[in-house]
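Throughout, a chain's letter reflects where its sequence line sits, starting with A, and its residues are numbered from 1.
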2 protein chains.
Amino acid sequence: MKEFELIQNIFQASMMANTQGRDDILVGIGDDCAQVAVPPGQSLVFSMDTLVEGRHFPLDADPVDIGYRAVATCVSDLAAMGAKPAFFTLALTIPESDPQWLAGLAQGMAELAEPIGLILVGGDTTKGPLTLTLQVHGYVEAGQTALRSHAKLGDDIYVTGLLGDASAAVPIVTGEVQVSSERFDYFYDRFWRPAPRLIAGMALKRVVHAMMDISDGLAQDLQHILKASGVGAKLDAHALPISDTLCQWQPEAAVTLALTGGDDYELCFTAAPEMADEIALITQTLHLPCTKVGKIVASGFDIDGYQGERHGWQHF
Amino acid sequence: MKEFELIQNIFQASMMANTQGRDDILVGIGDDCAQVAVPPGQSLVFSMDTLVEGRHFPLDADPVDIGYRAVATCVSDLAAMGAKPAFFTLALTIPESDPQWLAGLAQGMAELAEPIGLILVGGDTTKGPLTLTLQVHGYVEAGQTALRSHAKLGDDIYVTGLLGDASAAVPIVTGEVQVSSERFDYFYDRFWRPAPRLIAGMALKRVVHAMMDISDGLAQDLQHILKASGVGAKLDAHALPISDTLCQWQPEAAVTLALTGGDDYELCFTAAPEMADEIALITQTLHLPCTKVGKIVASGFDIDGYQGERHGWQHF
């Protein structure tokens, strides 16, 4: 068990486990349970995600990248609820304890967790096939979450950022496809460093109806909103926000990737048409691209200008 | 992904995912995050545990047993904090989706979770080697947790229940050792159906100083209290509570198993000597054996009447 104490020490020593100045964290790492006092007027929101090596990230990936991306993808669910990140737990199953690898993982996690105030307060370490389970927790005023079930007939459908880059990047990060170093750097970053839209989520929650993050591709994820809200949608394939880099590299596949590629971790939300100016103001202030890509209709799911594949992204 | 929707349906349909009558659960399974309003005056405590097949439970174990025990072992951490169980999340990694196996797992979890008011509110399902990670959450008044660091010089050391049965049971439940059917039934139950001492924990937290649950063996776990509190201990090996069944089956090994065997999930706590009557009253009311096994001293860790092995239990 000595080696597993080492692991705890690595994570405990990292800045992201520092609870100083955090009145809400009553007990952090090291007791039977962590203990938290949720600030008055706030509710707790949380999401749990598991990443399995070879399935959610490639074998032999850089542990710094794994750590960063694990936190980013999980925190993206807080963004989708308009919540402020607060703390997280980590269940780490590893085949052996390699201190250098673990330090890399902790560093990658801290790179994102520390600046957004997400503190590591507990977890578990076990021996077995490499698997990470994170539970991230945030605070939000009780009545102010943008649920998937709140889309309304006539709403505009928006997405933040650019779609398709992360899934286009998969064969590049796995080494299956060779590209120029400039292209490699762009796509490597797009896969490994998704930017959870936290501030956008917090600002938008007051003006949107339904909101979620896109992890399995817009076409698939939007259907969760449609199902939960009992409505349909009409998307405009020509409106999808796609990067110049992707358009140049994959002109044929770009639209399909933008529609069905996963791992983008952008926000998809619906809002009444009269909110357009306010949405533009918020996203422009944040220098965040935000694109109207369709409308909520009574039923069905049509994509104008597109006849291709609609299945969501299957990981590795 | 269809098969993974099936899994979610199995768990969602189980009684333990029923949030009716629970004002604290604002959003359960099915959105980006679950959302909870912690009741006024209460703090949130939580613990995360991972169980890996072949390491924390035997290969080919009954899924009902796996489910029950997974919840029991994790909930035991809530008992150690004197907290009331509230809700849990489940990250399930499975090699394939076998509906019958999954229904068994859900049934076993519900058998314990439902009567104690522990509701399933979220999680993740992924494909990979069989691994379960649970995070259980409970409520407790902010100032009333019995932490590991609160042991005081002169305290008595107590344990609840009987020690050693669960680790003695391991070769029986794995089929390595054959015993009479009566003995099999006793030990099978002692391994697979630990009883988290929830009510005892809630009642005792007001009268004890330090408290924790015993998962890796008394000798090893007690040292966490000693280290956190900066004190020592003197245990009396002859005082350890051991079942007649274990004494008869393993007269030589019984004390070692009681000291170093894991998986008992009893409470170990320290309290001022003048609390003895109150502790007796609480535990007798609950018909729960409770035994004074030693004293907190200034430093060191001695076990009177014992010269054997002290290492904590290594799982499978």
Side-chain angles (χ1 to χ4, degrees), chain A residues 1 26-27 30-38 40 43-56 76-81 83 89-93 121-129 131 133 135-138 140 142 145 147-149 211-213 216 220 224 228 311-312 314, chain B residues 1 26-27 30-38 40 43-56 76-81 83 89-93 121-129 131 133 135-138 140 142 145 147-149 211-213 216 220 224 228 311-312 314:
Chain A
M1 288 290 177
L26 306 179
V27 177
D31 216 297
D32 293 281
C33 292
Q35 186 180 21
V36 166
V38 175
S43 69
L44 183 81
V45 297
F46 48 93
S47 175
M48 185 181 236
D49 278 314
T50 298
L51 302 172
V52 180
E53 186 185 43
R55 188 152 186 92
H56 301 96
S76 180
D77 285 316
L78 296 181
M81 299 291 275
T89 50
L90 169 65
L92 186 58
T93 302
V121 296
D124 195 12
T125 314
T126 50
K127 191 166 176 152
T131 311
T133 296
Q135 184 160 315
V136 299
H137 309 70
V140 68
T145 35
L147 301 184
R148 295 180 180 183
S149 55
M211 184 155 65
M212 70 180 297
D213 73 325
D216 295 327
Q220 181 165 308
H224 295 302
H311 288 302
Q314 303 287 328
Chain B
M1 287 291 177
L26 306 180
V27 177
D31 216 297
D32 293 281
C33 291
Q35 185 179 23
V36 167
V38 175
S43 69
L44 182 82
V45 298
F46 48 93
S47 175
M48 185 182 236
D49 277 315
T50 298
L51 302 173
V52 180
E53 186 184 43
R55 190 154 184 90
H56 301 97
S76 179
D77 286 316
L78 296 181
M81 300 292 274
T89 50
L90 169 66
L92 186 59
T93 302
V121 295
D124 196 9
T125 314
T126 50
K127 193 168 175 149
T131 311
T133 296
Q135 184 160 317
V136 299
H137 309 71
V140 67
T145 35
L147 301 183
R148 296 180 180 184
S149 56
M211 184 155 64
M212 70 180 298
D213 73 324
D216 296 326
Q220 181 166 310
H224 295 302
H311 288 301
Q314 304 288 328

Part of [X] lying under 4.5 Å from any heavy atom of chain B:
X	value
A/Met212	both
A/His137	side chain
A/Val136	neither

**OP:** Please state whether the side chain, the backbone, both or neither of B/Leu26 comes within less than 4.5 Å of a heavy atom of chain A.
**Re:** side chain
Subject >> Heavy-atom proximity to chain A below 4.5 Å, by part of B/Thr89 >> reply: both
Original post:
Taking the side chain from A/Asp31 and the backbone from B/Arg148, do they hold a donor-acceptor pair closer than 3.5 Å?
Top reply: yes
Original post:
Donor-acceptor pair, B/Gln135 side chain versus A/Gln135 backbone, under 3.5 Å?
Top reply: no
Original post:
Any side-chain heavy atom of B/Leu78 within less than 4.5 Å of one from A/Cys33?
Top reply: yes
**OP:** Please name all residues satisfying side-chain contact (heavy atoms from CB on, under 4.5 Å) with B/Ala91, sequence neighbours left out, ordered by chain then number.
**Re:** A/Met48, A/Thr50, A/Thr133, B/Thr133
**OP:** Evaluate side-chain contact (heavy atoms from CB on, under 4.5 Å) for A/Lys127 paired with B/Val52, printing each intermediate quantity in order.
**Re:** CA-CA 8 Å; A/Lys127 191 166 176 152; B/Val52 180; over 6 Å; no
Subject >> Selection from A/Leu147, A/Leu90, A/Val140, A/Thr131 maximising heavy-atom pairs under 4.5 Å formed with chain B >> reply: A/Leu147
Subject >> Residue, of A/Ser149, A/Gly128, A/Ala34, A/Gly123, that accumulates the most heavy atom pairs under 4.5 Å with chain B >> reply: A/Ala34
**OP:** Determine the option with the most heavy-atom pairs under 4.5 angstrom with chain A, choosing from B/Asp32, B/Asp124, B/Val121.
**Re:** B/Asp32
**OP:** Apply side-chain contact (heavy atoms from CB on, under 4.5 Å) to A/Gln35 and B/Leu44, showing your working.
**Re:** CA-CA 6 Å; A/Gln35 186 180 21; B/Leu44 182 82; over 6 Å; no
Original post:
Stepwise, does the side-chain contact (heavy atoms from CB on, under 4.5 Å) test hold for B/Val36 with A/Ser43?
Top reply: CA-CA 6 Å; B/Val36 167; A/Ser43 69; over 6 Å; no
